Amino acid sequence: MSILTRPKLTACTLAIAAALTLSACGGPSKDASGSASKEPFNTGPHQNRYAAPKVDSIAAEVPAAIRSRGTLEIGNSKGSTAPLTFFATDNKTLIGVETDMAYAIASVFGLKAHYNPVSFEQVFVGLDSGKYDVGVTNITVTELRKQKYDMATYRKDAQAFEAKKGATWRVTGPKDVAGRTIAVPTGTSEEKALLDWSAQNVKAGRKAVNVKYYQDESACYLALQSGQIDAYLHPNPEAQYHARTSGQTQVVGDIIGAGKGLEGLIAATTKKDNGLGKPLNDAINYLIKKGVYGKILARWDLTSDAVSTSRLNPPGLPIEKK
């Protein structure tokens, strides 16, 4: 995920979401209930989310104040794009892989998931004040964030190269983007990774990457279709969803982290030492073990972003040197 700027709901993304209600992309699929659907994803308000039975031993670890309240207060970024956290076709129900993960975690605790859709930076304000118990909204583990928060990982932070449909080239490393024109959101971990790869190419005697920036995704996708750029590097969940729903693009490779030697991970985030870090970690590992986790990711075509185990406060992306 972009770690320097919050995700934005662009005009292009809104158009895609609207198109889902009008036409089918790809063959019939099944939603979480197993019923046939004309769209590749269930974007309606009735989600039939995956859950697990309450696990008493894990629920007992949850701070008493949260248990007595009966709800798990979840901070969600309302500015995210599909399939992370976005509004269903009724324009009021929050859906997506992040809301599904939060729902499943709450079920292990025996609590009701209560979503709080706010801007990305307000999620952290709410965590700091205790208004929200946990942020489940594509938050990347960084060393700076770990100073204030406990972070239980549940997904790889992959960035994908999205190219025009029919592209035959693939990205497996820096050499594959040498001399190519790649668009990237400014001020993000994707930009840092791409610039790092470009520098590696120059050092190795290859051509630098021609990095392009666009004000919004609609302009970026127009440039991609017209051949002005070779690919668009942005968060993998967004790239996979757009490729699947638009039928005009495909993912040709990815980067995990923010460049050479940096592993990127997404984590459920809570205020440091508030007693919720360990139960979050235990709940996610329970969901992984029982297969619920895998079903959630498969539902949103994100199996490639799966982790084999949840880790509490693992090494994160480093603090930027000034």
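Computed from a predicted structure; not experimentally measured. Keep in mind that the numbers below use all heavy atoms, side chains included, and drop hydrogens, waters and symmetry copies.
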Is the backbone N or O of Tyr154 less than 3.5 Å from a side-chain atom of Tyr293, with the two atoms forming a donor-acceptor pair by type?
yes
Ion pair check, Lys112 and Glu73, cut-off under 4.0 Å
no
Which is it for Glu238 and Thr81 under the side-chain hydrogen bond (donor to acceptor under 3.5 Å, both in side chains) test, yes or no, and what are the steps along the way?
CA-CA 7 Å; Glu238 298 173 13; Thr81 49; 2.8 Å; yes
Scanning both residues in full, the closest heavy-atom pair of Ser77 with Val123 reads N-CG2, 4.2 Å
Within a strict 4.5 Å, meaning less than it, do heavy atoms of the Tyr214 and Leu222 side chains meet?
no
Minimum-distance pair of heavy atoms, taken over all atoms of Ala183 and Ile229:
CB-CD1, 3.7 Å
How many angstroms lie between atom CG of Leu233 and atom CG of Asp254, to the nearest 0.5 angstrom?
9.5 Å
Count the heavy atoms of every other residue, nucleotide or ligand shown that sit under 6.0 Å from NZ of Lys290, and state whether that count exceeds 12.
no
Has the side chain of Asp230 got a donor or acceptor atom that lies under 3.5 Å from a matching backbone atom of Thr181?
yes
To check you understand the geometry: which heavy-atom pair defines the closest contact between Thr245 and Pro40, and what is its length?
CG2-CG, 4.1 Å
Could you measure the distance from the CG atom of Asn210 to the OG atom of Ser198? Nearest 0.5 Å is fine.
9.0 Å
Evaluate the side-chain proximity of Val118 to Tyr132: yes if any heavy-atom separation is below 4.5 Å, no if none is.
yes
Side chains of Gln122 and Asn116: closer than 4.5 Å at any heavy-atom pair?
no
Nearest-0.5 Å distance that lies between atom OG1 in Thr168 and atom CD in Gln250
8.5 Å
Quick check: does any side chain N or O of Thr153 sit under 3.5 Å from a backbone N or O of Arg311, one acting as donor and the other as acceptor?
yes
Quick check against the 3.5 Å criterion: does Gln215 have a side-chain atom that pairs as donor or acceptor with the backbone of Cys220?
no
With a 4.0 Å cut-off on N to O distance, would you call Arg170 and Asp176 a salt bridge?
no
Common cluster, Val171/Val202, ILVMFWY with side-chain heavy-atom separation under 4.5 Å:
no
Ring of Phe41, cation from Arg244 - is the NZ or CZ under 6.0 Å from the centre and inside 45° of the axis?
yes
Would you kindly confirm whether Ile182 and Leu195 end up in one hydrophobic cluster when ILVMFWY residues are joined by side chain heavy atoms under 4.5 Å apart?
yes
Check whether any side-chain heavy atom of Val251 lies under 4.5 Å from a side-chain heavy atom of Gln240, and answer yes or no.
yes
Using the six-membered ring wherever Trp is involved, compare the ring planes of Trp197 and Phe161 and label them parallel, tilted or perpendicular (cut-offs 30° and 60°).
parallel
Find out if a path of hydrophobic residues (ILVMFWY) with successive side-chain heavy-atom gaps under 4.5 Å connects Leu312 to Val134.
no
Identify all side-chain donor-acceptor contacts of residues 51-62 below 3.5 Å with residues at least two apart in sequence or on another chain.
unit_1	atom_1	unit_2	atom_2	d
Glu61	OE2	Lys278	NZ	3.1

Evaluate side chain to side chain contact (heavy atoms under 4.5 Å, CB included) for Arg155 paired with Leu297, printing each intermediate quantity in order.
CA-CA 9 Å; Arg155 189 161 46 78; Leu297 291 191; 4.0 Å; yes
Can you measure from CE (Met101) to CD1 (Ile284) and round to the nearest 0.5 angstrom?
5.0 Å
Would a 4.5 Å heavy-atom cut-off, applied to side chains only, mark Tyr115 and Thr99 as touching?
yes
Are side-chain heavy atoms of Asn201 and Lys207 found at a separation under 4.5 Å?
no
Could you go step by step and tell me if Asp128 and Lys148 meet the salt bridge (charged side-chain N to carboxylate O under 4.0 Å, His left out) rule?
CA-CA 8 Å; Asp128 293 344; Lys148 293 181 63 177; 3.1 Å; yes
Just how far is it from atom CD of Glu190 to atom CD1 of Ile255, taken to the nearest 0.5 Å?
8.5 Å
Is the ring pair His234/Tyr221 parallel, tilted or perpendicular, if the boundaries are 30 and 60 degrees?
perpendicular
Can you check whether Leu302 reaches Pro83 side chain to side chain, under 4.5 Å on heavy atoms?
yes
Thinking salt bridges, do Asp305 and Lys156 make one under a 4.0 Å N-O criterion?
no
Is there a donor in the side chain of Thr137 and an acceptor in the side chain of Glu98, or the other way round, less than 3.5 Å apart?
no
Hey, quick one: are Leu84 and Val307 part of the same hydrophobic cluster, counting side-chain heavy atoms closer than 4.5 Å, chains of contacts allowed?
yes
If you take all heavy atoms of Thr303 and Ala298, which pair is closest and at what distance?
OG1-CA, 3.6 Å
Apply side chain to side chain contact (heavy atoms under 4.5 Å, CB included) to the pair Val184 and Lys212, showing each step before the final yes or no.
CA-CA 6 Å; Val184 69; Lys212 291 289 187 181; over 6 Å; no
As an exercise, state the distance from OG1 of Thr269 to CG of Leu280, rounded to the nearest 0.5 Å.
9.0 Å
Please check this pair: side chain of Asp273 against backbone of Gly277, looking for a donor-acceptor N/O pair closer than 3.5 Å.
no
Give me the atom names and distance for the closest heavy-atom approach of Glu162 to Ala243.
OE2-N, 3.8 Å
Would you mind reporting whether Lys164 and Gln248 have side-chain heavy atoms less than 4.5 Å apart?
no
When every non-hydrogen atom of Met151 is compared with those of Ala267, the smallest separation belongs to CB-CB, 3.6 Å
Mind running side chain to side chain contact (heavy atoms under 4.5 Å, CB included) on Arg69 and Asp133 for me, showing each step along the way?
CA-CA 11 Å; Arg69 188 204 302 140; Asp133 301 317; 2.6 Å; yes
Please check: side-chain N/O of Glu143 versus main-chain N/O of Gly316, any donor-acceptor pairing under 3.5 Å?
yes
Would you find a donor on one side and an acceptor on the other, under 3.5 Å apart, between the side chain of Lys78 and the backbone of Ser119?
no
Would you check if the side chain of Lys146 reaches a backbone N or O of Pro314 as a donor-acceptor pair within less than 3.5 Å?
yes
Any link between Val125 and Leu276 through a network of hydrophobic side chains (Ile, Leu, Val, Met, Phe, Trp, Tyr) touching at under 4.5 Å?
no
Side chain to side chain contact (heavy atoms under 4.5 Å, CB included) between Tyr286 and Val292, worked out:
CA-CA 9 Å; Tyr286 179 83; Val292 177; over 6 Å; no
Closer than 4.0 angstrom, basic N to acidic O: yes or no for Asp100 and Arg299?
yes
Among Asn281, Asp282, Asn285, which residue satisfies the side chain to side chain donor-acceptor pair (under 3.5 Å) criterion with Ser310?
Asn281
